[in-house]
Amino acid sequence: MLHSLQLLPGVTLRCFRDDRFKQGCLSLQFLRPMCPEEASLNALLPAVLLRGCREYPDLRSITQRLDDLYGASVSALARRVGDYQTTGFYCAFMDDRFALAGDRILEPVIDLVRMLLLEPVVHDESFSPEFVESEKQNLTAAIESDLNDKRAYAMDKLMRKMCRGRILPHEGGKYC
C-alpha cells in the first residue's frame, strides 16, 4: 500500500512496503523546471555530493561504510521528466528483516544520504574543486559515449524531434 505524507510545502514523502522483496530502495529527488542556465549544474550536483561528506570525506570511506551496511549502494540521479529535471540519489539496501539480529540498515542508509546532502566536503565555502572537475570529466565522457551507443543515439534523435524548441538536459541545457 502506498502511503503519502506532506512533510513541508513542496516536500512529499511516499512510502510503499511489500514484504515479497528482500531489498529496499530509497530515492531522494529534487524536481526543477528545465532551465538552460541550470540543467548542466543540476546534472552535476548529485555526482559531486556523492564524492564525500564531513564524516566520509572520500569515495573509499563511503564505499567502506556501504560495505558495512551489507553492500548497500548509493548512486546519483539526473534525468528528464517532461519539462522538468529530477536530480538526487537512489539507494538500494537489504531489508532490515534479513540482517543479523540487532543490525539496522535503513536508518544508517538514511543518515548517510543526509550527510551526503547536508554536510558535503567543502573548501573555502564551496564544493571541492577536485571533485567538481573530476565529475565534469565523468559527465562529459558519459555524454560522448552515447554517440557510440546506437540505442542512446536513436533515443536522442527521437527526443530532439519530439521536443523541438524545448531544453535537453544532456546538452548542457541547450535548446533543441
Side-chain angles (χ1 to χ4, degrees), residues 1-59 61-63 65-66 68-99 103-129 131-132 135-136 138-139 159 163 166-173 175:
M1 175 186 234
L2 180 65
H3 300 281
S4 189
L5 176 64
Q6 187 80 20
L7 300 176
L8 297 167
V11 179
T12 304
L13 173 67
R14 291 186 182 94
C15 303
F16 181 77
R17 175 100 179 152
D18 191 332
D19 290 333
R20 295 179 298 168
F21 303 107
K22 296 178 181 174
Q23 187 173 2
C25 67
L26 167 73
S27 175
L28 171 73
Q29 298 181 47
F30 296 96
L31 185 64
R32 303 275 304 156
M34 285 301 295
C35 167
E37 298 81 25
E38 295 180 1
S40 295
L41 296 174
N42 289 342
L44 189 61
L45 181 61
V48 171
L49 290 172
L50 194 53
R51 291 291 298 268
C53 62
R54 187 173 37 86
E55 190 169 337
Y56 305 103
D58 54 32
L59 287 174
S61 60
I62 291 171
T63 300
R65 180 62 181 140
L66 291 169
D68 292 343
L69 295 170
Y70 294 84
S73 65
V74 179
S75 55
L77 282 177
R79 62 184 177 193
R80 180 182 186 156
V81 179
D83 288 336
Y84 292 89
Q85 184 177 24
T86 64
T87 58
F89 298 119
Y90 176 82
C91 309
F93 49 91
M94 185 172 70
D95 193 291
D96 286 344
R97 296 174 296 152
F98 300 98
D103 283 356
R104 306 290 294 167
I105 302 168
L106 175 61
E107 287 86 359
V109 166
I110 291 171
D111 194 46
L112 176 59
V113 169
R114 179 196 57 78
M115 286 187 278
L116 291 169
L117 183 65
L118 301 176
E119 302 171 8
V121 172
V122 293
H123 296 283
D124 298 324
E125 298 189 24
S126 62
F127 292 123
S128 164
F131 291 175
V132 172
E135 290 307 324
K136 278 183 184 178
N138 290 341
L139 187 57
M159 290 298 290
C163 301
R166 294 191 177 169
I167 304 164
L168 291 178
H170 62 281
E171 289 291 325
Y175 284 92

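Keep in mind it's a predicted model, so treat the numbers as computed, not measured.
Atom-to-atom distance recorded for L31:CG and T87:OG1 is 9.0 Å, nearest 0.5 angstrom. Taking CG from L26 and SG from C15, the interatomic distance works out to 9.0 Å, rounded to the nearest 0.5 Å. Note: R14 CZ to S4 OG = 4.5 Å, rounded to the nearest 0.5 Å. Note that the CG atom of L44 and the CG atom of N138 stand 9.5 Å from one another [nearest 0.5 Å]. Between L139 atom CG and S40 atom OG the span is 7.0 Å, to the nearest 0.5 Å. Atoms NZ and CG, from K136 and L41 in turn, are 8.5 Å apart once rounded to the nearest 0.5 Å.
Residues V121 and F131 have side chains in contact (heavy-atom distance under 4.5 Å, counting atoms from C-beta outward). Looking at L66 and L112, their side chains come closer than 4.5 Å, going by heavy atoms from C-beta outward. For the pair L116/Y56, no side-chain contact is recorded, criterion being any heavy-atom separation below 4.5 Å from C-beta on. Using a 4.5 Å heavy-atom cutoff, the side chains of Y70 and D103 are in contact. Proximity of P120 to F127: side-chain heavy atoms (C-beta onward) are separated by under 4.5 Å at one or more points. Looking at L106 and F93, their side chains come closer than 4.5 Å, going by heavy atoms from C-beta outward. Here the side chains of V113 and M115 are not in contact, with every heavy-atom distance at 4.5 Å or above. Taking the side chain as every heavy atom from C-beta outward, T86 and F30 never approach each other to under 4.5 Å.
A donor-acceptor pair is defined here as one N or O able to donate and one able to accept, closer than 3.5 Å; no such pair exists between the side chain of R79 and the backbone of V81. Without hydrogens or angle criteria, Q85 side chain to A39 main chain gives a donor-acceptor distance under 3.5 Å.
Of all heavy-atom pairs spanning H123 and P129, the tightest one is CD2-CD, 4.0 Å. What you find for A72 and V109 is that their closest heavy atoms are CB-CG2, 4.1 Å. Of all non-hydrogen atoms in G88 and P46, the two that sit nearest each other are O-CB, 3.3 Å. Of all the heavy atoms in G10 and Q6, the pair that sits closest is N-NE2, 3.3 Å.
Looking at residues two or more places apart in sequence or on another chain, you find no salt bridge (Lys or Arg N to Asp or Glu O under 4.0 Å) involving D68. For E107, the side chain to side chain contact (heavy atoms under 4.5 Å, CB included) partners two or more places apart in sequence, or in a different chain, are D96, R104. The side chain to side chain contact (heavy atoms under 4.5 Å, CB included) check on F16 picks up L2, D18, with sequence neighbours excluded. Judged as a side chain to side chain contact (heavy atoms under 4.5 Å, CB included), and not counting sequence neighbours, the contacts of L7 are L5, V11, L13. Qualifying side-chain hydrogen bond (donor to acceptor under 3.5 Å, both in side chains) partners for S61, counting only residues two or more places apart in sequence or in other chains: D58. For the salt bridge (Lys or Arg N to Asp or Glu O under 4.0 Å) test, residues two or more places apart in sequence or in another chain that qualify with R51 are E135.
The pair R65-E55 does not meet the salt-bridge criterion, since no charged nitrogen lies less than 4.0 angstrom from a carboxylate oxygen.
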task: Show your working on side chain to side chain contact (heavy atoms under 4.5 Å, CB included) between E38 and R32 and close with a plain yes or no.
output: CA-CA 9 Å; E38 295 180 1; R32 303 275 304 156; 2.8 Å; yes
field: Test salt bridge (charged side-chain N to carboxylate O under 4.0 Å, His left out) applied to R17 and D95, step by step
entry: CA-CA 11 Å; R17 175 100 179 152; D95 193 291; 3.2 Å; yes
- request: Take C25 and Y90, measure what side chain to side chain contact (heavy atoms under 4.5 Å, CB included) needs, and give me the verdict at the end.
  value: CA-CA 7 Å; C25 67; Y90 176 82; 3.3 Å; yes
message: Assess the residue pair L77 and Q29 against the criterion (side chain to side chain contact (heavy atoms under 4.5 Å, CB included)); give the C-alpha distance rounded to whole Å, side-chain angles, the decisive distance to 0.1 Å, and a yes or no.
response: CA-CA 8 Å; L77 282 177; Q29 298 181 47; 3.8 Å; yes
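Environment of CZ in F98: crowded, with over 12 heavy atoms of neighbouring residues, nucleotides or ligands closer than 6.0 Å. When the shell of 6.0 Å around CZ of R114 is examined, it contains more than 12 heavy atoms from other residues, nucleotides or ligands.
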